[in-house]
Student: 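Pasting a structure here, questions to come.
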Protein chains: 2
Amino acid sequence: MKDKQTHLIDTAINLFARDGVSVSTARIASEAGVSNGTLFNYFPTKQQLIDSVYLSIKEDIARNVLPSLGQDMSVKEVMFGIWRGYIQWALANPLHHEVSILLKAAMVLSAATLERADAIFELKVAKLRKGVEQHQLVDLPVDYICELSTAQLSVAVAFLQRFKLDSVDASKHIHCSFDVFWNGINA
Amino acid sequence: MKDKQTHLIDTAINLFARDGVSVSTARIASEAGVSNGTLFNYFPTKQQLIDSVYLSIKEDIARNVLPSLGQDMSVKEVMFGIWRGYIQWALANPLHHEVSILLKAAMVLSAATLERADAIFELKVAKLRKGVEQHQLVDLPVDYICELSTAQLSVAVAFLQRFKLDSVDASKHIHCSFDVFWNGINA
DNA sequence: TGTGTGATTGACTGATCAGTCATTTTTTGA
DNA sequence: TCAAAAAATGACTGATCAGTCAATCACACA
């Protein structure tokens, strides 16, 4: 049997995706096959459970996206690596993707958690910064381009999920949506 | 004194923006200066209050954005009209903008309400459809381009709100963010 | 087998909340 | 001026929920 803490997080992700963050801790515990007392042994408050869920998802994304990237790659290569890696991860883990967006948008995450989550993807920020400094990208704040990429990635994923394309068309859309993004920010 | 129903909606928007959708009906009523019984005279359920808040915001956007658009304008002109109009509205009504995003993301809106809200902006969809058909825009589903524009607009607004630019720089960013969007979808 | 330790349990509590309704207040218009 | 209608009130209810804790269980080691 999987680590109980991990199993509770997985169960919470499933229920958050189905019913939103408002699901009761009792239901999460029951669905996970433990008593609600046990849930509170692992997560002292519901807030800490929510934060743990978010960080767990972000770390999972990092594990699946960052390894394919290198310091020696160009900005465009890094961004495309993130693009393809994230979309593939999101299609393989639709609920995780959905919950990650949900928690961020619903403003239920502690400030510390948001900060920790950002720190995971420092490489991306660094590459974009260099791209702007070297005038390869439009002269906009790096934060802005970051948010832009996240927003456009979400739209691309939502589209791919809605119309279940075969893998050829999916790959085509990954390139196509990336081109839309890249043409937008290319200097 | 303003129409009570309108006043309750305005109060709800303020509280939703400050504390999320989870604020109690009692607090909304009290903040609006009426009893909670009165709130339920105007909105039989909290759900209907939430839906009314959303539709009220969308109609406000439409009133501020649609009048400047005409059937005879090009796709680009229409999209830029929406771009500038929406950003100006959002900067003048930051809480409304925030709540509109919050309600959509938190998945607390009824299906009927989402449909009604979409119908308000039919002109935009029609223009984009023609643009794609006439190969002025990249060959992507109109829905996709719609979502893309909404997402990028949100990012642009968030940026302008974070760094309170003077009106010259703000206008520059409106054009700049639009160019990023347009260069992405221009065929 | 016996004992001590840490994990697990679930009934319980106090707080909160959406929604009700009998009563009171205000408005209307004859 | 007054009676009927409409609007407003707020105490109340039943349900739900996060979090607690005394009791129980499972297991390691003597």
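Reminder, nothing fancy here: chain letters follow the sequence lines and each chain counts from 1. Values below: every heavy atom of this structure, side chains too, minus hydrogens, waters and symmetry copies.
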Student: Distance check: side-chain N/O of A:Y42 vs OP1/OP2 of C:dA7, anything under 4.0 Å?
Tutor: no

Student: If the test is side-chain contact (heavy atoms from CB on, under 4.5 Å), which one of A:I9, A:N93, A:V99 qualifies with A:I57?
Tutor: A:V99

Student: Report whether A:V53 and A:L55 are members of the same hydrophobic cluster (ILVMFWY, side-chain heavy atoms less than 4.5 Å apart, transitive linking).
Tutor: no

Student: I'd like to compare against my own output: the B/S/- annotation of nucleotides 15-28 of chain D with a strict under-4.0 Å heavy-atom distance to protein.
Tutor: --SSBB--------

Student: Quick check on side-chain contact (heavy atoms from CB on, under 4.5 Å): which of A:L15, A:N14, A:D10 does A:E31 satisfy it with?
Tutor: A:L15

Student: OP1 or OP2 of C:dA7 sitting under 4.0 Å from any side-chain N/O of A:K4?
Tutor: no

Student: Tell me the interatomic distance from A:L8, atom CG, to C:dT8, atom C1', rounded to whole angstroms.
Tutor: 12 Å

Student: Assess whether a salt bridge exists between B:D51 and B:R116, defined as any Lys/Arg side-chain N lying under 4.0 Å from an Asp/Glu carboxylate O.
Tutor: no

Student: For the side chain of A:S35, counting heavy atoms from C-beta on, which of C:dG10, C:dA7, D:dA8 is nearest?
Tutor: C:dG10

Student: Does a salt bridge link B:R27 with B:D19, judged by any charged N lying under 4.0 Å from a carboxylate O?
Tutor: yes

Student: Give the rounded distance in Å between these two atoms: CG of B:L39 and P of D:dA7.
Tutor: 16 Å

Student: May I ask you to say what A:F43 touches in the nucleic acid, namely base, sugar-phosphate or nothing, with a heavy-atom cut-off under 4.0 Å?
Tutor: nothing

Student: I need the full list of side-chain hydrogen bond (donor to acceptor under 3.5 Å, both in side chains) pairs touching residues 123-143 of chain A, with sequence neighbours left out, sorted by first then second residue.
Tutor: A:K124-A:S149, A:D143-B:R162

Student: Expressed as a whole number of angstroms, how long is the span from B:H7:NE2 to D:dA8:P?
Tutor: 13 Å

